[in-house]
Student: 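Before we start, here is the structure in question, set down as structure tokens.
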Amino acid sequence: MRWVTYATDAGDRVGVIGGDRIHPVAPGVSLVELISRGAEQLLATGEAALASAEQTVPLAGARLRAPIPRPPSVRDCLCFLDHIRNCQQAAGQPRTLKDTWYEIPAFYFACPSTIAGPYDDVTISPGSAWFDFELEIAAVIGPGGRDLTPEQAEEHIIGYTIYNDWSARDLQLRESPLAIGQAKGKDAATTLGPYLVTPDELAPYRRDGRLALHVEAKVNGKTIGSGRVDAMDWTFGEVISYASRGVDLLPGDVFGSGTVPGCCLIEHLSLADPAAFPGWLRDGDVVELTVEGLGHTRQTVRASAAPYPLKPRHNPDRKPPRPRVNRAPSRYPYTRGLHEVGVGVWAWLLPDGGYGWSNAGLVAGEGASLLVDTLFDLPLTAEMLHAMREITDRHPLTHAVITHSNGDHTHGNQLLGEHVRIVAAEATCAEMRHEMAPEMLAATQVVDIGPATPYFRERFGAFDFSGIRLRLPDLTYDRELSLEVGGREVRVMNLGPAHTGADSVVHVPDADVLFAGDLLFVGCTPIVWSGPIANWIAACDKMIATGAGTIVPGHGPVTDPDGIRAVRGYLSHVVEQADAAHARGLSFDEAVEEVDLDEYATWLDAERIVVNLHRRYRELDPVATPDLDQMTLLAMMAGRGLS
């Protein structure tokens, strides 16, 4: 039989399915009460309901709740060891499991108060950027028991249902060092439904005492994974037997099977190739789970409000981070916030100019204004836009120029109104389409990546990568573009490739101001992701040639043409050092150890010399110099930055 709990105006009712109709039992009787009477009484009650003349309910029109909306307890088991192996691999760890996995059928307690029905919306865990689903099935206990053998435990199973273990992977990883079990990473929701199916219904699927049920998981109609339930390494009987040692199991207790291998998102994550990842769940995504013999669930993911922040306690054993001070001279106070740098032109500054602490700008004309870049996360961008409102309320934003594709200049695009036309170089738009998903940057905050972990925590720990949906440009251009903003001319020029595949600058001639984007780092070290370096040096000359006297860099304090000359000098020094090392026959790794940064050693993030030397070595000898991926280069930088 297939049993359901469904909502009515008078409260929840329980019924048994007959054809396409629900045959209700007496009002006020819960499914937990029915199953506590045992399989024979449950069958008799179902047969009586099917034979009753009481009015039935169309199944298609009923609002199904979880079969057991509030179980006495919920234990999620880990019966599929391949799922654990795949998760370890996704986190960059070996697939080999510790002996304990083979000795004990593992489980943890889930949250009975967040049970969701098969078609209910599910809210993302507050503060999570890595929200995931897990396709499982669950066994439900009928009459209770204690100290059961595996054979007895199987007999105490009154039915089965689909189980979706919604998981906040970043919160889960963040909590894992506590080593006291699951917490906020696992209590957002657990889906049960649509039916409680009695074992006799599933008899045709039994193979060697296991249920050989085919399963499939989809997100937005695309299959993420599929498999079969009989791949379990630990059976329900074994894990229920283990759980019953010295403990009374109660009617309605739920035991999840653990994830069928491949039927969740995290197993498809590769830190070596993050661009291939299908993406974590976001607001509006639809998750569908289908299990042969048990039915189908379909749920929409919804955004959540930001969590209330808690102030960390002081750690007396933690070595304090090295102070970071950008000592570059500045034409204006280098403080966080909005600074007028010309007539009707403002710079938004975020000290100290290191990773993610980028600048933006605002140009106001008569009844219109233009934004230069957004910021690394939504809270930072919202803070900036709020501070600009005194200006933009009088001169509404009509355009936003994105200088290049990096997330610390694009991640806040979604907060701009639909009426704001986003402008970027064609190559910038192309790179944005293939950039790493913003939420993947949360890996720097939660994944243990070995000795480099403290470096990434320090550099990226302050940012919130949740909820970001990358908005692409509405208008693209090739090399030059002139915009009219409230009667003012704004010139946009693509001087790349250099820092990235395209690097735009924004010139406001009547205010003598140039927004340089990441072609200019002041007091902090440039990083040549794209190159060639010679093109970046040429771009410096072109910026100086504009004649602008006030220069707003992508990172660091506001400067003048001397700030551009300093970056030009650094890039020339990199070329000289790399060419000399290469001429001496040094490999790239040897050149990194030998390089003399001279006066540039005091610039923030000097370890970026690793990437810059690698770029020049690739220009000199692309055959002998390995084409290292970004993660490898970042790890090498981290090693140098921590030394």
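It should be emphasised that the depicted structure is a prediction, and the values quoted were computed from it without experimental measurement.
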Student: With R459, which of D605, D352, D408 fulfils salt bridge (charged side-chain N to carboxylate O under 4.0 Å, His left out)?
Tutor: D605

Student: Can you give me the closest heavy-atom contact between F515 and L362, atom names plus distance?
Tutor: CZ-N, 4.2 Å

Student: Would you find more than 12 non-hydrogen atoms of other residues, nucleotides or ligands less than 6.0 Å from H386 atom NE2?
Tutor: no

Student: Could you check whether D132 pairs with K186 (Lys NZ or Arg NE/NH1/NH2 to Asp/Glu carboxylate O, under 4.0 Å)?
Tutor: no

Student: State which residues pass ring pair (Phe, Tyr, Trp, His ring centres under 6.0 Å) with F277; sequence neighbours excluded, sorted by chain then number.
Tutor: W280

Student: Under 3.5 Å, is there a donor on one side chain and an acceptor on the other for Q88 and R85?
Tutor: no

Student: Mark yes when over 12 heavy atoms from residues, nucleotides or ligands other than R298 sit less than 6.0 Å from its CZ; otherwise mark no.
Tutor: no

Student: Between F255 and F236, is the ring centroid distance below 6.0 Å?
Tutor: no

Student: Can you see which heavy atom on G501 is nearest to which on P497, and at what distance?
Tutor: O-CB, 3.4 Å

Student: Closer than 3.5 angstrom, by distance alone: can the side chain of N164 be matched with the main-chain N or O of L135 as a donor-acceptor pair?
Tutor: no

Student: Angle class for the F460/F456 ring planes (parallel below 30°, perpendicular above 60°, tilted otherwise)?
Tutor: parallel

Student: Step by step, work out the side-chain hydrogen bond (donor to acceptor under 3.5 Å, both in side chains) result for T403 and D373.
Tutor: CA-CA 6 Å; T403 58; D373 284 336; 2.7 Å; yes

Student: How far apart are the closest heavy atoms of I266 and C87, and which atoms are they?
Tutor: CG2-SG, 3.7 Å

Student: Are the ring centres of F131 and F133 closer than 6.0 Å?
Tutor: no

Student: Can you name the closest pair of heavy atoms from G486 and A368 and give their distance?
Tutor: N-CB, 3.8 Å

Student: According to the interplanar angle, ranging from 0 to 90°, do the rings of F465 and H411 count as parallel (below 30°), tilted (30 to 60°) or perpendicular (above 60°)?
Tutor: perpendicular

Student: Testing the basics here: between V447 and A91, what is the closest heavy-atom pair and its distance to 0.1 Å?
Tutor: CG1-O, 4.0 Å

Student: Between L289 and K218, does the side-chain contact (heavy atoms from CB on, under 4.5 Å) criterion hold? Intermediate values first, please.
Tutor: CA-CA 6 Å; L289 307 184; K218 294 182 178 181; over 6 Å; no

Student: Around atom CZ of R174, are there more than 12 heavy atoms of other residues, nucleotides or ligands at under 6.0 Å?
Tutor: no

Student: Verify whether one side chain among D629 and T632 offers a donor that lies under 3.5 Å from an acceptor in the other.
Tutor: yes

Student: Classify the angle between the aromatic ring planes of H409 and H555 as parallel (below 30°), tilted (30 to 60°) or perpendicular (above 60°).
Tutor: perpendicular

Student: Once the angle between the rings of H499 and H404 is folded into 0 to 90°, is it parallel (under 30°), tilted (30 to 60°) or perpendicular (over 60°)?
Tutor: perpendicular

Student: Donor-acceptor pairs under 3.5 angstrom involving side-chain atoms of residues 59-71: please list them, not counting sequence neighbours.
Tutor:
from : atom 1 : to  : atom 2 : distance (Å)
R65  : NE     : D12 : OD1    : 3.2
R65  : NE     : D12 : OD2    : 3.0
R65  : NH2    : D12 : OD2    : 2.9

Student: Could you tell me whether R324 and E458 have a side-chain N and a carboxylate O separated by less than 4.0 Å?
Tutor: no

Student: Quick check: closest heavy atoms across T259 and C263, and the distance to 0.1 Å?
Tutor: CG2-O, 3.6 Å

Student: About how many Å separate CG of L78 and OG of S257, when rounded to the nearest 0.5 Å?
Tutor: 9.5 Å

Student: Check whether the side chains of S167 and E134 place a donor and an acceptor atom closer than 3.5 Å, and report yes or no.
Tutor: yes

